[in-house]
Amino acid sequence: MLNFNEHYDIIVAGAGHAGVEAALACARMGKKTLCICLNLDSVALCACNPAIGGTSKGHLVREIDALGGEMGIAADETFIQMRMLNLGKGPAVHSLRAQIDKSGYHFRMKHVMEQQENLTLRQDECERIIVKNSRICGIICSGGMEYSCDALVICAGVYLRSLIHIGDYNREQGPSGLARSTSLSEQLTELGFELRRFKTGTPPRVSRRSLDLTRMEPQYGDEPIPPFSFMHDSLNREQNPCYLTYTNQKTHELILSNLDRSPMFSGRIHAAATRYCPSIEDKLVRFKDKERHQLFIEPEGISTEEMYVQGFSTSLPKDVQAAALRTIPGLESCEIMRYGYAIEYDCIDPTALDLTLGSREIAGLYFAGQLNGSSGYEEAAAQGILAGINAALYLNNDEPLILRRSDAYIGVLADDLVTKGTNEPYRMMTSRAEYRLVLRQDNADLRLTELGRRTGLISDERYGRLMRKREAIERANAALSVSVPPEDRLNALLEAKGESRVITGVKLENLLKRNNIGYTDLLALYPSLPDIPTDAREQVEISAHYGGYIEKQNEQIARFELQEGMTLPEDMDYESISGLRIEARQKLTRMKPKNLGQASRISGVSPADIAVLMIRLKAEKLKDKGKEQ
């Protein structure tokens with residue numbers, strides 16, 4: 001019989017980006033929560049790039065915020081530059097990206113956790129997981145400390161048996177010289193989880209005073225400054241520029257002549273690398289015809305001279321890193337403060353989880369972050385808040401929060417991981433979201449805040465802001481339905497904007513559909529229109545400009561939801577269904593999909609198998625009807 005030292009409702013193992021969101025969600029939902037991590041100095045550590053957001057990742061941050069998470073608020077409070085990416089394209093792919101003060105972000109998140117009611121933050125290592133009758137009942141930490149709990153969220157990041165590589169040198173440690181976790185991998189294997197070995201990497205950091213920034217192209221932030229959090233109307237702070245430079249033929253020749261000294265190419269690393277964030281070595285091998293590659297020199301904070309060399313991730317030996325960097329304009333005399341490295345680590349096969357990010361076999365056990373095979377701070381935080389919410393709902397015996405692919409990028413992320421699985425570090429991209437015109441970053445609050453209301457994470461203040469925004473949109477749309485005559489002042493505006501004149505009466509909503517006409521333009525001519533906030537104007541304009549496309553996408557979503565609504569019984573005996581292929585029977589039995597839509601996305605389940613399942617469901621329905629009669 002174990003002698004538990006303390007009891008908690010929920011324990012979160014790990015305090016990276018996933019662990020922070022999971023622990024805060026659990027505590028804010030009223031659960032007595034313990035968050036343990038290997039080192040308190042690594043809470044919300046940005047071990048790689050000094051940025052939050054970016055293409056598709058900005059969507060995740062806005063969704064985390066809409067559900068009551070912390071990442072967007074923290075980014076707004078610690079940014080040193082803010083830029084909206086992809087403005088030359090449609091709103092579906094606009095993505096906000098913040099350069100952040102890395103140490104400021106860490107201290108801010110750590111302090112929030114220290115102040116959070118119901119949350120205990122403690123430096124320790126989870127070494128054993130205690131399971132009885134297929135349910136979580138506690139953990140054992142280093143030194144023998146035993147904690148009982150009713151739910152456990154594991155957010156181990158890249159720390160499981162992690163191994164650092166710099167050329168021929170390797171060392172058993174976590175990122176940024178931190179300690180690694182050595183015993184949890186074996187424990188997870190014993191519990192039946194299949195482990196994978198993945199690899200990621202990071203570039204060198206160089207001293208700002210050793211750079212010639214005049215030889216680089218400055219990259220400035222946006223004015224006015226767009227916030228991440230829907231709780232912030234505007235931001236006002238001096239911004240720091242980043243700098244753009246390029247590799248060249250000399251750089252490429254030097255790196256390619258030393259490929260045999262790169263552990264990825266010499267065979268020392270066998271782990272699967274991330275495809276969409278390749279090392280500089282990978283780039284030169286895969287894109288041989290490219291004459292140069294972009295490098296962004298990014299400040300790591302306002303209280304440090306360290307500059308991050310974005311685009312130069314590498315595991316080359318130290319001497320090669322230094323020599324290669326010094327061939328690049330502006331870096332000819334650079335001093336390296338931290339060398340780039342590759343890190344390999346253990347993660348689980350996420351198909352062992354369901355859409356709540358909970359284990360299919362062990363009740364009360366949840367996983368989030370890079371342990372699930374993903375990469376990136378934002379992907380980790382998104383999983384963290386989803387797993388934390390569901391752990392708390394599980395203890396309440398409430399319905400879980402399941403985000404569908406048509407609800408959120410977080411839904412796409414979770415569904416991709418647990419239904420399709422991944423053989424390499426998974427990165428979120430806008431192209432993965434079939435319904436991205438509807439799942440825009442600008443409307444994340446309209447999509448998710450109401451959905452998250454029942455969790456208790458949505459404050460009255462946040463909910464009130466949402467209601468006021470909806471009401472403003474409705475007032476504006478009602479006012480835009482009126483017609484106006486073809487008067488001179490209207491035609492003067494249209495001509496000034498490069499639009500054709502009108503010769504008959506026209507509805508204001510039809511004028512707003514024109515590419516170069518905005519709500520502010522019409523408001524200047526017609527003061528009877530309501531003067532609504534900027535975020536509400538944005539929604540009105542997007543609906544007007546893209547209304548037809550949005551309507552078509554909503555029709556696609558309706559068809560998608562038909563299949564998602566065809567529930568598959570948990571106890572369905574797939575082995576007994578004739579017509580299913582052997583592989584489909586095995587995969588369906590193992591995965592236990594919730595509905596026909598999820599079943600159709602399982603690798604190895606064909607459209608023919610789905611047709612068989614549909615026939616079976618219809619037969620069962622007719623059978624049940626017959627019993628009722």
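Owing to the predicted nature of the structure, the values given are computational and were not obtained by experimental measurement.
- A 4.5 Å side-chain heavy-atom check between Ile385 and Glu63 finds every atom pair outside the cut-off.
- No side-chain heavy atom of Glu77 sits under 4.5 Å from any side-chain heavy atom of Tyr105.
- Counting only distance, with no hydrogens or angles, the side chain of Glu21 and the backbone of Glu70 share a donor-acceptor pair below 3.5 Å.
- In this structure, the side chain of Ser162 engages the main chain of Gln173 through a donor-acceptor pair within 3.5 Å.
- Within 6.0 Å of atom CZ in Phe107, 12 or fewer heavy atoms from other residues, nucleotides or ligands are found, so the atom counts as exposed in its surroundings.
- Contact between Leu325 and Pro204 at its shortest, heavy atoms only, is CD1-CG, 3.9 Å.
- Residue Asn423 places its CG atom among 12 or fewer non-hydrogen atoms of other residues, nucleotides or ligands, all under 6.0 Å distant.
- Between His106 and Val43 there is a side-chain heavy-atom pair separated by less than 4.5 Å.
- Taken from CG in Leu45 to NZ in Lys110, the straight-line distance is 13.0 Å, to the nearest 0.5 Å.
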Tell me, with the steps shown, if Gln383 and Leu417 meet side chain to side chain contact (heavy atoms under 4.5 Å, CB included).
-> CA-CA 10 Å; Gln383 293 171 68; Leu417 287 173; 3.7 Å; yes

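- A pairwise comparison of heavy atoms in Ala98 and Met82 identifies CB-SD, 3.4 Å as the closest pair.
- Shown here is Arg447, whose CZ atom has more than 12 heavy atoms of other residues, nucleotides or ligands within 6.0 Å.
- Taking each heavy atom of Glu361 and Ser134 in turn, the nearest pair found is O-CB, 3.7 Å.
- Under the 4.0 Å criterion applied to side-chain N and carboxylate O atoms, Asp349 and Arg590 are assigned as salt-bridge partners.
- Judged by distance alone, with hydrogens and angles left aside, the side-chain atoms of Arg28 form no donor-acceptor pair with the main-chain N or O of Gly456 at under 3.5 Å.
- When all heavy atoms of Arg62 and Phe228 are compared, the closest pair comes out as NE-O, 2.9 Å.
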Checking side-chain hydrogen bond (donor to acceptor under 3.5 Å, both in side chains) for the pair Gln321/Thr314: CA distance, chi angles, key distance, verdict?
-> CA-CA 8 Å; Gln321 291 188 37; Thr314 184; 5.0 Å; no

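- From Leu195, atom CG reaches atom CD of Glu186 across 10.5 Å, with rounding to the nearest 0.5 Å.
- No donor-acceptor pair under 3.5 Å is formed between the side chain of Asp9 and the backbone N or O of Thr33.
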Criterion ring-ring contact (aromatic ring centres under 6.0 Å, His included) on Phe193 and Phe367, from CA distance to verdict | CA-CA 11 Å; Phe193 294 95; Phe367 294 80; 4.9 Å; yes

Could you give me the CA-CA distance, side-chain angles and deciding distance for Ile410 and Leu67, then say whether side chain to side chain contact (heavy atoms under 4.5 Å, CB included) is met?
-> CA-CA 11 Å; Ile410 299 176; Leu67 288 169; 4.0 Å; yes

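- Salt bridge absent: Glu6 and Lys32 never bring a charged side-chain N and a carboxylate O closer than 4.0 Å.
- In this structure a side-chain-to-backbone donor-acceptor pair under 3.5 Å is present from Tyr377 to Asn49.
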Would you please test Gln598 and Asp354 for side chain to side chain contact (heavy atoms under 4.5 Å, CB included) and show each step?
-> CA-CA 11 Å; Gln598 189 186 9; Asp354 63 24; over 6 Å; no

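- The two residues Pro203 and Cys48 have their closest heavy-atom pair at CD-SG, 4.5 Å.
- Between the side chains of Asp416 and Tyr426, a donor-acceptor pair is found at a separation under 3.5 Å.
- Atom CD of Gln187 has more than 12 neighbouring heavy atoms from other residues, nucleotides or ligands inside a 6.0 Å radius.
- Between the side chain of Gln370 and the main chain of Val158, no donor-acceptor pair closer than 3.5 Å is present.
- For residues 368-389, the set of pairs meeting the salt bridge (Lys or Arg N to Asp or Glu O under 4.0 Å) definition, not counting sequence neighbours, comprises Lys57-Glu378, Lys57-Glu379.
- For the pair Arg180 (side chain) and Arg161 (backbone), a donor-acceptor distance under 3.5 Å is present.
- For the pair Ser279 (side chain) and Asp282 (backbone), a donor-acceptor distance under 3.5 Å is present.
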List the steps and the verdict of side chain to side chain contact (heavy atoms under 4.5 Å, CB included) for Leu160 and Leu188.
-> CA-CA 11 Å; Leu160 295 191; Leu188 290 173; 4.0 Å; yes

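- Arg427 contributes atom CZ, which lies 12.0 Å from atom OG of Ser374 (distance to the nearest 0.5 angstrom).
- Side-chain atoms of His59 and Met428, non-hydrogen and from C-beta on, never get closer than 4.5 Å to each other.
- For the pair Ile80/Gln99, a side-chain contact is recorded, criterion being any heavy-atom separation below 4.5 Å from C-beta on.
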Derivation and outcome, salt bridge (Lys or Arg N to Asp or Glu O under 4.0 Å), residues Asp76 and Arg108 | CA-CA 11 Å; Asp76 284 351; Arg108 193 261 178 212; over 6 Å; no

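- By the neighbour-count criterion of 12 heavy atoms within 6.0 Å, atom CD of Glu172 is sparsely surrounded, having that number or fewer from other residues, nucleotides or ligands.
- Distance check, rounded to the nearest 0.5 Å: CD1 of Ile140 to CD of Glu127 gives 9.0 Å.
- Under the 3.5 Å distance criterion, with hydrogens and angles disregarded, a donor-acceptor pair is assigned to the side chains of Ser142 and Asp124.
- Counting non-hydrogen atoms of other residues, nucleotides and ligands closer than 6.0 Å to CZ of Arg171 gives a total of 12 or fewer.
- Using a cutoff of 4.0 Å between basic side-chain nitrogens and carboxylate oxygens, Arg196 and Asp346 are not scored as salt-bridged.
- Looking at Arg205, its side chain never comes within 3.5 Å of a backbone N or O of Glu300 through a donor-acceptor pair.
- Side-chain contact between Leu365 and Val131 is absent, with no heavy-atom pair separated by less than 4.5 Å.
- Between Asp65 and Ser229, the side chains place a donor N or O and an acceptor N or O closer than 3.5 Å (distance only, hydrogens not considered).
- Interatomic distance, Leu85 CG to Leu96 CG, rounded to the nearest 0.5 Å: 7.5 Å.
- In summary, Glu298 and Lys102 do not engage in a salt bridge, as defined by a charged side-chain N under 4.0 Å from a carboxylate O.
- Annotation: ring pair (Phe, Tyr, Trp, His ring centres under 6.0 Å) contacts involving residues 337-363, sequence neighbours excluded, are absent.
- Salt-bridge check for Arg432 with Asp415: failed, with every basic side-chain N at 4.0 Å or more from each acidic carboxylate O.
- Side-chain contact between Lys31 and Asn396 is present, with at least one heavy-atom pair separated by less than 4.5 Å.
- Residues Leu403 and Leu448 have side chains in contact (heavy-atom distance under 4.5 Å, counting atoms from C-beta outward).
- Within a 6.0 Å sphere centred on CZ of Arg275, heavy atoms belonging to other residues, nucleotides or ligands number 12 at most.
- When every heavy atom of Tyr159 is checked against every heavy atom of Ala179, the shortest pair comes out as CD2-O, 3.3 Å.
- In this structure, Glu281 CD and Lys283 NZ are separated by 10.5 Å, a value rounded to the nearest 0.5 Å.
- Within a 6.0 Å radius of CZ in Arg237, more than 12 heavy atoms belonging to other residues, nucleotides or ligands are found.
- Using modelled atom types, one side-chain atom of Arg465 and one backbone atom of Phe230 make a donor-acceptor pair closer than 3.5 Å.
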